[in-house]
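Remarks on the structure that follows.
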There are 2 protein chains.
Amino acid sequence: MLEVDSRAVPEPAPPDPQEGLSIAEAARRTGVSVHTLRYYERAGLVVTPVGRTAGGRRRYRLLDLKWIVICTKMRATGMPIKAIRRYAQLVAAGAGNEQERLALLEAHRAEVAAKLAEVQENLRLIDHKIDVYRGRLAAGDADRLWAPSRPAGAH
Amino acid sequence: MLEVDSRAVPEPAPPDPQEGLSIAEAARRTGVSVHTLRYYERAGLVVTPVGRTAGGRRRYRLLDLKWIVICTKMRATGMPIKAIRRYAQLVAAGAGNEQERLALLEAHRAEVAAKLAEVQENLRLIDHKIDVYRGRLAAGDADRLWAPSRPAGAH
DNA sequence: AATCGACTTCGAGCATGCTCGAAATCCTAG
DNA sequence: CTAGGATTTCGAGCATGCTCGAAGTCGATT
């Protein structure tokens, strides 16, 4: 997963320049790489199209930066790009679909809750295995652990 | 992640045939696809090399099946293929390196614990966002949620 | 012997989310 | 005007863990 510098994320800081920031500045202020900024745009995560200069360079406004930060937060919860895109589309569609947005969030919440249960179970499993090892080692019983030539009780 | 039919995994069941099972049978009894069985072998997850017939077909013995089941259990905990390979190598090296195996397991445990903390945090974040939405909707305040044309307080 | 399904190896493809490189363009300083 | 850094787009590459397809082989049955 993309690691976003948490110290850079929360507040995009006001865009001083009159007509928006360069992509490099936007990257610096959001904690997202320029590559990823472009990727997010291509992937359709952007609500309001980022403006361009006459020469075709992106100009990020405060609004854009804020939205990107929201995206990074959603990504940080493991929300897949596709889901964020759907969410962005809903937001872009304007007011009136808040229930749908909420449903999207709740669906993601369910995924995360399921993941949580899974990881908890994993931890339980691995702990069990470690316990077996510790027990055997403490008992000087290590030779009862699995060996290629002699299948034994423990793994 | 590979989904292993949990009803098929636990006990490989005795290998009736005199000289081991075909890969199809092994797949059926371990709940792993034939493709994946071959992949695991290529990936070096196997402790004892799976035997071959004169014609080059794999013959799985009970020992092999048991080890594969162990591999599936480790995979089920999210242990990466590389780590399982290292573990298999240690086991293949025979007795005497149990401390190293334990260290490997503990390292993985740490990963899983970290993952757990992360997912818990994610759940917290998404719950917070959902709360905001619920609150706005209940208060008939939905228009204070984010809209492309008018950056607002909530997302 | 011929057939036909199961099996072999090797390499490619898929999904995800970036990450990077190439070639061309922009723009700003000197 | 020119150099050189920043940006652009497009497409490829990377890591992971399978999953699949092609082309050829094995082997049991008829």
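Keep in mind that the numbers below use all heavy atoms, side chains included, and drop hydrogens, waters and symmetry copies. The sequence lines fix the lettering, A, B, ..., with proteins before strands; numbering per chain opens at 1. In this text the structure is predicted, and so the values were computed from the model without any measurement.
Remark: P of C/dC26 and CZ of A/Arg59 are 14 Å apart, rounded to the nearest angstrom. Taking atom CZ of B/Arg85 as the reference point, atom P of D/dC18 lies 13 Å away to the nearest angstrom. Rounded to an integer number of Å, the gap from A/Ile23 CD1 to C/dT19 P is 14 Å. One can place CD1 of B/Ile81 at 11 Å from P of D/dT19, the figure rounded to the nearest angstrom. Taking atom OH of residue A/Tyr40 and atom C1' of nucleotide C/dT19, one finds them 12 Å apart after rounding to whole Å. Distance, B/Ile84 CD1 to D/dT16 P: 13 Å, rounded to whole Å. One interatomic measurement links the two molecules: NZ of A/Lys82 to C1' of C/dC14, which rounds to 11 Å at whole-angstrom precision. In this structure, A/Leu37 atom CG and C/dG17 atom P are separated by 17 Å, rounded to whole Å.
B/Arg52 comes within contact range of the sugar-phosphate backbone alone, with a heavy-atom separation under 4.0 Å but no base atom that close. Among the heavy atoms of the strands lying under 4.0 Å from B/Arg38 is at least one base atom, whether or not backbone atoms are also near.
A donor-acceptor pair is defined here as one N or O able to donate and one able to accept, closer than 3.5 Å; no such pair exists between the side chain of B/Thr36 and the backbone of B/Val32.
Not one side-chain nitrogen or oxygen of A/Arg57 sits closer than 4.0 Å to the OP1 or OP2 atom of C/dT25. Distances shown here put every side-chain N or O of A/Thr53 at or beyond 4.0 Å from the OP1 or OP2 atom of C/dC26.
Annotation: of the two residues near DNA chain D, A/Glu41 and B/His35, the 5′-most nearest-nucleotide partner is A/Glu41. In terms of position along DNA chain C, the nucleotide closest to B/Gly56 lies nearer the 5' end than the nucleotide closest to the other residue of the pair B/Gly56 and A/Met79. The residue among B/Val34 and B/Arg42 whose nearest nucleotide of DNA chain C is located toward the 5' end is B/Val34.
Listed candidates were C/dC18, D/dT19, D/dT7. Nearest to the side chain of B/Ser33 is D/dT19. Here the nucleotide nearest the side chain of B/Arg75, chosen from C/dT19, C/dC10, D/dC18, is D/dC18. Residue B/Tyr39 has its side chain nearest to D/dC18 when only D/dC18, C/dT19, C/dC7 are considered.
Taking the charged nitrogens against the carboxylate oxygens, B/Glu106 and A/Arg134 do have a contact shorter than 4.0 Å, which makes a salt bridge. Residues A/Glu25 and A/Arg29 are paired through a salt bridge, judged by an N-O separation under 4.0 Å between the basic side chain and the carboxylate. Salt bridge present: B/Arg124 and B/Glu121 bring a charged side-chain N and a carboxylate O closer than 4.0 Å.
The base of D/dT7 does not come close enough to the side chain of A/Arg58 for any donor and acceptor atom to sit less than 3.5 Å apart.
A parallel orientation is assigned to the rings of B/Tyr87 and B/Trp67, their planes being inclined by less than 30° (bins at 30° and 60°).
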